[in-house]
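No experiment lies behind these values; they were computed from the predicted model shown.
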Amino acid sequence: MHHFFSDLEFRYFLLLEFSDLVVDIREQYPLFATSKARDIAAEMGIQYPVFVGTQLPFVLTSDFVVTLQEPGQKKRLAIRTCKYEKDLVDPNSGLWTIDKLDLERAIWAESSVTDWKIVTEKVGSQILFDNLEWLHRSARMEEPVDASPDQQSRFTELVLKAADGDRTMASLVRGASTTAGIPYRSGMKLLKHLLWNKSIVTDIASTPLDPTLKCPKLSIPALRETNRRAA
């Protein structure tokens, strides 16, 4: 279960979920107003945030605390905070927003976590996010697919062979499902699952995935990429 405060946070979450390097995702991670955190703010010349009309310190949060692990390397933390560009340049609140972000960065740096970045809406295209949201619904296959392992293997072989860019995705899946002996709905869910888990790959950054549109070229990932995902 994950909770988000903006569409941007949800979109970035989808990118994290899709990444092979992400081991764990924690959102809205609290940075409590410890004496050290307030000392850091004072050293930076920043008034520590308080609730309006009180002296009660506000609990800062980092939008995402992500555990990453690259092949052959140890796990490490990366901090990501999501902000729309308009909030960073707002003439009334932009400077205060940047001060709070800088304080957040400094608090993490005090704990020797230096991989801290701001994520804006330019992190990816609308097509990419639409594709990821569509695929994410079938990422884990929590409901069983009405197809045996042999039928799933046959279906995969058929869609790879037929995906030449001339047929719609619905037509391609319907034909492969019929030949493999599985329901169309199971075939579509299986294709989405294969794409999300990168058992089959295509250009999801610039090509819309839509059953009513022509299906893009599909392929099996290179062996080097497969080994990287397994590391």
Inset, instruction - Would you mind listing every salt bridge (charged side-chain N to carboxylate O under 4.0 Å, His left out) that reaches into residues 82-96, with sequence neighbours excluded? - result: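 For residues 82-96, and leaving out neighbouring residues, the salt bridge (charged side-chain N to carboxylate O under 4.0 Å, His left out) pairs sorted by first residue read E85-K122.
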Inset, instruction - Walk me through it: do W196 and L132 pass the test side-chain contact (heavy atoms from CB on, under 4.5 Å)? - result: CA-CA 8 Å; W196 177 268; L132 288 177; 4.0 Å; yes
Legend entry - Full working for side-chain contact (heavy atoms from CB on, under 4.5 Å) between T207 and I127: CA-CA 7 Å; T207 304; I127 290 176; 5.8 Å; no
Inset, instruction - Check whether more than 12 heavy atoms from other residues, nucleotides or ligands sit under 6.0 Å from atom CG of L95, and answer yes or no. - result: no
Legend entry - Whether over 12 other heavy atoms sit under 6.0 Å from D203 CG: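 For D203, atom CG is crowded (more than 12 foreign heavy atoms under 6.0 Å).
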Legend entry - Closest contact, heavy atoms only, A205 versus S125: O-OG, 2.9 Å
Inset, instruction - Compare every heavy atom of K214 with every heavy atom of D166, then report the nearest pair and how far apart it is. - result: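 The answer is O-CE, 4.2 Å.
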Inset, instruction - Give every residue pair that meets the side chain to side chain donor-acceptor pair (under 3.5 Å) criterion with at least one member in residues 44-62, sequence neighbours excluded. - result: S62-E104, S62-W108
Legend entry - Flag for S148-D150: side-chain donor and acceptor within less than 3.5 Å: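 There is no such pair between these side chains.
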Inset, instruction - For the pair K198 and D20, find out whether any cationic side-chain nitrogen is under 4.0 Å from an anionic carboxylate oxygen. - result: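 The answer is yes: the pair qualifies as a salt bridge.
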Inset, instruction - Would you mind checking if E133 and R11 are paired as a salt bridge, meaning a charged N to carboxylate O distance below 4.0 Å? - result: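 The answer is no: the pair does not qualify as a salt bridge.
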Legend entry - Residues which pass ring-ring contact (aromatic ring centres under 6.0 Å, His included) with F129, listed by chain and number, not counting sequence neighbours: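 Once residues adjacent in sequence are excluded, F129 has no partner under the ring-ring contact (aromatic ring centres under 6.0 Å, His included) criterion.
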Inset, instruction - Please confirm whether the backbone N or O of R174 pairs with a side-chain atom of T178, one donor and one acceptor, at under 3.5 Å? - result: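 Indeed, once roles are kept as given, a pair shorter than 3.5 Å links the two residues.
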Inset, instruction - Scan residues 64-98 for pairs that pass ring pair (Phe, Tyr, Trp, His ring centres under 6.0 Å), counting only residues two or more places apart or in two chains. - result: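 Counting only pairs at least two positions apart or across chains, the ring pair (Phe, Tyr, Trp, His ring centres under 6.0 Å) contacts touching residues 64-98 are Y12-F64.
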Legend entry - Residues Q28, D63; criterion side-chain contact (heavy atoms from CB on, under 4.5 Å); working and verdict: CA-CA 5 Å; Q28 311 308 329; D63 292 335; 3.8 Å; yes
Inset, instruction - Just jot down the salt bridge (charged side-chain N to carboxylate O under 4.0 Å, His left out) partners of K36, sequence neighbours excluded, or say none. - result: E110
Legend entry - Co-members of F32 in a cluster of I, L, V, M, F, W and Y side chains, linked at under 4.5 Å: V59
